[in-house]
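Taking it in order: structure first as structure tokens, then the write-up.
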Amino acid sequence: MTDPVLDIRNLKVDFATRRGTAHVLDDVSFSVAPGELLAIVGESGCGKSMTALSVLGLIPSPPGKVVGGSILFQGRDLTKLRPSEMRKIRGGDIAMIFQEPMTSLNPVFTCGEQIAEAVRLHQKVSPRAAFARAVDMLRAVGIPEPELRARAYPHQLSGGMRQRVMIAMALSCEPKLLIADEPTTALDVTVQAQIFGLLDELRQKTGTAIVLITHDMGAVAEMADKVAVMYAGRVIERGPADAVLDDPGHPYTRGLLASIPRVDADPDTDLPEIPGIVPALTDLGRGCAFAPRCPLAVDACHAAQPRHVAMTGDHSAACIQLEPREVPA
Amino acid sequence: MFRRILRQLLYAAALILAVLVLNFLLIQLAPGDPAEVIAGEMGGASAEVMAAIRQQYGLDKPLLTQLGLYLGRALQGDLGMSYFYNRPVVDLILSRLGPTMLLVATALGFALIVGTRLGMLASRNPRGIASALVTVLSLVGYSAPVFWTGLMLVILFGATIPLFPIAGMIDVVKQGGLLSRVLDIAHHLVLPALTLGLVYLAQYSRLTRASMLEVLGADYIRTARAKGVSERQVFGRHAFRNALLPVVTVAGMQFGAIISGAVLVETVFSWPGLGTLAFQSILARDYPTVLGILFFSTLIVIIANLLTDFVSRLLDPRLAGGR
Ligand SMILES: Nc1ncnc2c1ncn2[C@@H]1O[C@H](COP(=O)(O)OP(=O)(O)OP(=O)(O)O)[C@@H](O)[C@H]1O
Ligand code: SF4
Ligand SMILES: [Mg+2]
């Protein structure tokens with residue numbers, strides 16, 4: 001087994017807010033190996049983007065702060081790097097693409113200039129060579145007439161095209177790790193499939209590890225090697241994609257999977273939704289954060305935070321129902 | 001693109017025509033016989049002179065014919081004679097235009113360059129020196145009238161620390177080559193330009209700071225950071241270019257106000273420009289000159305607006321497409 005590119009261990013991030021300290025991330029752990037695709041899933045606000053931003057050291061600070069754990073990238077702890085060292089990694093070894101292609105590119109520079117800038121930040125090449133590289137990258141992500149598009153401003157391109165430009169920019173320095181934060185949410189369904197296809201293809205070609213944040217469980221089932229399920233700032237289940245999807249251990253994961261529309265389902269029946277709302281991150285209490293919404297909750301769930309329990313192989317979930325019980329004699 | 005330019009030129013032409021008609025009407029509306037108004041300070045014109053004026057200006061003809069004649073002359077570059085200076089108004093204005101444009105351009109350039117940079121630096125550190133400077137400047141800039149700032153500078157640099165000349169544009173005593181003349185003018189320019197520029201410096205620095213703070217929250221700034229751009233470049237390149245857009249628009253809209261500000265400043269510092277001319281012509285009731293200045297300042301504002309539009313399009317490619 002190869003060493004992981006990214007190995008996040010017990011990451012803890014706090015935000016100072018007016019209503020006290022918000023534990024935005026708590027005990028987040030997962031790892032990704034080269035060429036692997038790990039999907040992070042979970043409801044809105046559970047900390048998926050914060051996890052991604054922590055890896056790049058881009059948490060708004062203040063108010064945010066990494067207060068514990070480590071982010072090992074190729075063995076180096078990113079939380080301990082100086083800003084200048086971190087800057088070399090950003091866009092170089094680790095690249096990120098964002099949810100909003102319409103606003104993620106700078107309106108006053110051409111697409112080619114923006115990609116070329118990324119190239120020049122990480123490689124010693126002439127402006128001309130950097131621009132040529134930008135055109136090549138645009139071609140590689142399937143943009144027709146790349147020479148022309150390189151000279152276009154973002155507003156002259158469609159959303160799908162802009163997201164391709166973002167991907168081209170992210171991949172221009174051959175990153176070891178690509179983080180894609182809901183890269184398709186703002187796009188049409190057909191374009192979504194194209195973008196996912198593109199990411200999958202590039203991963204297989206270049207061996208880049210990908211962390212994909214998404215709500216699209218279909219895409220997860222199709223592409224992901226591993227899955228991390230997050231709830232209220234914690235990874236509550238993780239493991240190989242097949243294992244997590246076919247045999248979810250955590251009640252929340254089961255609820256999440258049940259709420260996916262199935263192609264063969266009767267369109268008139270309502271989707272089961274997980275009732276209740278996510279608790280405020282400022283007062284999570286001591287027990288399982290899911291307890292107020294959990295159909296299986298027992299008293300013990302409120303008392304202490306459940307630990308991760310290994311199910312099969314690398315598959316684990318944090319729920320006391322999985323803990324081996326002492327059978328009274 | 002071409003149609004837009006055409007439309008703007010047509011619009012400008014219409015505006016110029018409107019100002020000319022307004023000028024004409026103002027002469028008509030002035031109290032008393034226009035001939036007497038025109039004769040004005042010539043002092044007790046005789047009957048023959050009055051008749052001559054009437055005939056020369058076509059005042060014996062119907063009003064519409066008169067308007068036509070006036071417009072015809074104006075378009076040929078004839079805005080009448082100034083009695084006070086006894087020269088064609090256009091000549092007079094053209095001789096004063098240079099110093100005014102020099103003053104306005106220097107003040108505006110200073111305010112824009114220093115103001116936007118200062119605002120940008122202030123946005124990098126809300127508790128830093130630059131930010132404090134912006135706050136103090138805006139307090140002074142907004143509350144102190146131009147002539148007060150001017151007088152303070154006159155007192156400070158004229159009396160307390162006599163570093164800069166406080167009146168005029170050239171030292172008559174000094175003679176020398178081109179370079180020494182340029183330096184002499186620059187030396188005289190410092191205080192008036194500073195006085196005129198300070199107000200706008202305050203405004204532009206504040207506007208830039210606010211605009212920067214807004215732009216810094218944009219998604220593309222996060223993208224820039226994510227690709228490894230240094231903080232310096234994030235502020236100075238990615239955010240600054242975008243933050244400039246509203247400042248340029250405001251500066252363009254204010255051009256008329258800057259010119260009227262120049263009238264005051266020129267008067268305080270006896271700067272030999274349009275402002276001093278306007279001031280003297282009003283006192284002398286030299287109507288053709290006053291109206292001529294009005295016409296020229298409209299022209300300048302129109303040109304400034306066209307320029308602003310052009311610069312905005314250079315800075316913002318979204319406008320360049322002519323959407
Ligand atoms: N500046 C802040 N101060 C306090 N809390 C914050 C701040 N920014 C974000 N949060 C909190 O951090 C939590 C995690 O946010 P994050 O953006 O990571 O969610 P997400 O899982 O990406 O959701 P989505 O699916 O909507 O993108 C949210 O509950 C949010 O309320
Ligand atoms: S620990 Fe208890 S409340 Fe939490 S998921 Fe398991 S059963 Fe539900
Ligand atoms: Mg998010």
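Every chain is numbered from 1 and lettered A, B, ... according to where its sequence line falls, protein lines coming before strand lines.
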Taking every non-hydrogen atom, the tightest pair across [X] and [Y]:
X	Y	answer
B:R222	A:S104	NH2-OG, 4.3 Å
A:P107	B:P317	O-CG, 3.0 Å
B:A226	A:L56	CB-CD1, 4.1 Å

Atom group of [X] that falls short of 4.5 Å from chain B, counting heavy atoms:
X	value
A:A95	neither
A:M166	side chain
A:M169	side chain

From the list A:T110, A:I94, A:N106, the residue making the most non-hydrogen contacts under 4.5 Å with chain B is A:N106

Report yes if some heavy atom in the side chain of [X] is under 4.5 Å from a heavy atom in the side chain of [Y]; otherwise report no.
X	Y	value
B:R225	A:M96	no
B:L315	A:V108	no
B:K227	A:R90	no
A:E117	B:R237	yes

Extract all donor-acceptor atom pairs below 3.5 Å that involve side chains of residues 44-53 of chain A and protein atoms in other chains or at least two apart in sequence.
unit_1 : atom_1 : unit_2 : atom_2 : d
A:K48  : NZ     : A:G42  : O      : 2.9
A:K48  : NZ     : A:E43  : O      : 3.1
A:S49  : OG     : A:D181 : OD2    : 2.6
A:T51  : OG1    : A:G47  : O      : 2.7

Within residues 240-258 of chain B, contacts to chain A at heavy-atom distances under 4.5 Å involve B:R241, B:N242

Under a 4.5 Å heavy-atom criterion, the part of residues 203-221 of chain B in contact with chain A comprises B:D219, B:Y220

Salt bridge (Lys or Arg N to Asp or Glu O under 4.0 Å) pairs touching residues 246-256 of chain B, sequence neighbours excluded, are none

Checklist entry - Near B:L10 CG, under 6.0 Å, is it more than 12 heavy atoms from other residues, nucleotides or ligands? => result yes

Given 3.5 Å as the limit, does a donor-acceptor pair link the side chain of B:T223 with the main chain of A:L105, or not? no

Next item on the list: Decide whether a cation-pi geometry holds between B:R318 and A:Y153; the criteria are a distance under 6.0 Å from NZ or CZ to the six-membered ring centre and an angle within 45° of the ring axis.
Entry: no

